Amino acid sequence: MVNIAVFASGRGSNFQTIYHKTVAGYLPAKIAALISDNRAAGAIEFAREQRIPVFVAPPGDFPSPEVFGGELLRILKLQAVEFIVLAGYLKKIPANVVDAFPNRILNIHPALLPSFGGKGMYGMRVHQAVFDAGVKVSGVTVHLVNNEYDAGPIVLQRAVDIRECRSPEEIARKVLAQEHRAFPEALKLLLENEYRVEGRRVIIRKIKHDPH
Ligand code: GRF
């Protein structure tokens, strides 16, 4: 059973999906902390209902990214966190946290990176850019986090046919449905198998699990 921390800034539908997958035993994990930058995040209400420890740490409350990262590391150590999941978290993870969790921070992006990614590309901004570009396929990317926005090695992607979508909102709805499948799937892959990173590739060595 791996202790994970979920970071969320908003409503937390990906957080809720992952929570239900841990309860169902699909994910060999326990959510030991919900960490948010936003006191009003819907994810916090859900965490409280499920008695998941909540920690609110707005980056603006700290004098520097290093001090902010130090506070996050204090919380993560307090909760014995081994793996971090960014589920709609909009702030940059400080370098000292990335360094303390090498290839153990997973993020979800609602497009097929490296397209439509990078600083400032989140939420509806992504789907608006996708819509404006007139592309026929969008999708979901689940990737490991390094010190650049949306640039870590990719674990899993799912394509979404958006030819029939008439608005960015329609694209968002179709992509979110795939996020809720791709995120738990990618997390399960990493938690249940050995993996390593070679350049930009995540190499997963599937371990045969004894079914009993
Ligand atoms: C999702 O679209 C996710 O890809 C992006 O932010 C959104 C979070 O949605 N990172 P939710 O808070 O998980 O519902």
Side-chain angles (χ1 to χ4, degrees), residues 2-24 27 29-65 67-94 96-98 100-101 104-111 117-128 140-145 149-150 152 168-169 171-173 175-184 186-187:
V2 178
N3 262 1
I4 65 175
V6 176
F7 285 57
S9 301
R11 86 201 131 185
S13 71
N14 278 289
F15 161 47
Q16 294 185 37
T17 302
I18 287 169
Y19 170 75
H20 291 306
K21 292 289 185 184
T22 60
V23 170
L27 287 173
K30 176 177 182 295
I31 300 178
L34 185 278
I35 299 174
S36 183
D37 57 304
N38 169 14
R39 291 182 203 295
I44 290 177
E45 187 184 337
F46 179 78
R48 291 212 198 289
E49 286 162 11
Q50 309 306 331
R51 305 230 182 313
I52 294 170
V54 172
F55 300 86
V56 177
D61 288 5
F62 301 87
S64 70
V67 173
F68 172 48
E71 171 62 5
L72 292 178
L73 287 169
R74 184 190 66 79
I75 295 166
L76 295 163
K77 187 172 167 57
L78 182 71
Q79 299 301 104
V81 169
E82 301 159 85
F83 198 95
I84 295 171
V85 168
L86 308 185
Y89 183 69
L90 301 183
K91 304 295 183 189
K92 191 148 179 25
I93 298 293
N96 49 355
V97 176
V98 175
F101 287 81
R104 284 188 285 133
I105 306 177
L106 201 60
N107 183 46
I108 189 160
H109 184 76
K119 193 162 169 48
M121 288 299 275
Y122 56 84
M124 280 313 296
R125 291 182 180 189
V126 173
H127 305 302
Q128 184 66 58
V140 184
T141 302
V142 186
H143 65 93
L144 291 171
V145 170
Y149 263 109
D150 294 337
E169 288 71 22
I171 296 173
R173 271 194 299 280
V175 168
L176 190 64
Q178 287 307 314
E179 291 179 45
H180 293 166
R181 294 176 58 188
F183 215 175
L187 193 48

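These numbers were taken from a predicted model, which means no experiment stands behind them.
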Just to verify, what does Thr22 make a side-chain hydrogen bond (donor to acceptor under 3.5 Å, both in side chains) with, not counting sequence neighbours? none
Can you list the residues that meet the salt bridge (charged side-chain N to carboxylate O under 4.0 Å, His left out) rule with Arg11, with sequence neighbours excluded? none
side-chain hydrogen bond (donor to acceptor under 3.5 Å, both in side chains) partners for Gln16, two or more places apart: none
Sequence neighbours left out, what passes side chain to side chain contact (heavy atoms under 4.5 Å, CB included) with Lys21? Give chain and number order. Tyr26, Leu27, Pro184
With a 3.5 Å cut-off and sequence neighbours excluded, list the donor-acceptor pairs that the side chains of residues 54-64 form with protein atoms.
residue	atom	partner	partner atom	Å
Ser64	OG	Glu66	N	3.4
Ser64	OG	Glu66	OE1	3.3
Ser64	OG	Val67	N	3.1

Under 3.5 Å donor-acceptor pairs involving side-chain atoms of residues 33-41, not counting sequence neighbours:
residue	atom	partner	partner atom	Å
Ser36	OG	Ala8	O	2.7
Ser36	OG	Asn38	N	3.0
Ser36	OG	Asn38	O	3.2
Asp37	OD1	Ser9	OG	2.7
Asn38	OD1	Ala40	N	2.8
Asn38	ND2	Ser9	O	2.9

Check side chain to side chain contact (heavy atoms under 4.5 Å, CB included) between Ala182 and all other residues, then give those that pass, not counting sequence neighbours. Val140, Val142, Leu156, Arg158
Tyr89: which residues meet the ring-ring contact (aromatic ring centres under 6.0 Å, His included) condition with it, sequence neighbours left out? Phe7
Going by side-chain hydrogen bond (donor to acceptor under 3.5 Å, both in side chains), name the residues that satisfy it together with His143, two or more places apart in sequence or in a different chain. Asn107
Name every donor-acceptor pair, under 3.5 Å, that has one atom in a side chain of residues 68-83 and the other anywhere in the protein, sequence neighbours excluded.
residue	atom	partner	partner atom	Å
Glu71	OE1	Arg74	NE	2.9
Glu71	OE2	Arg74	NH2	2.8
Gln79	NE2	Ala32	O	2.8
Glu82	OE2	Asn3	N	2.7

How would you list, by chain and number, every residue that makes a ring-ring contact (aromatic ring centres under 6.0 Å, His included) with Tyr19, sequence neighbours excluded? Phe46
Those residues that, when tested against Arg51, pass salt bridge (charged side-chain N to carboxylate O under 4.0 Å, His left out) (two or more places apart): none
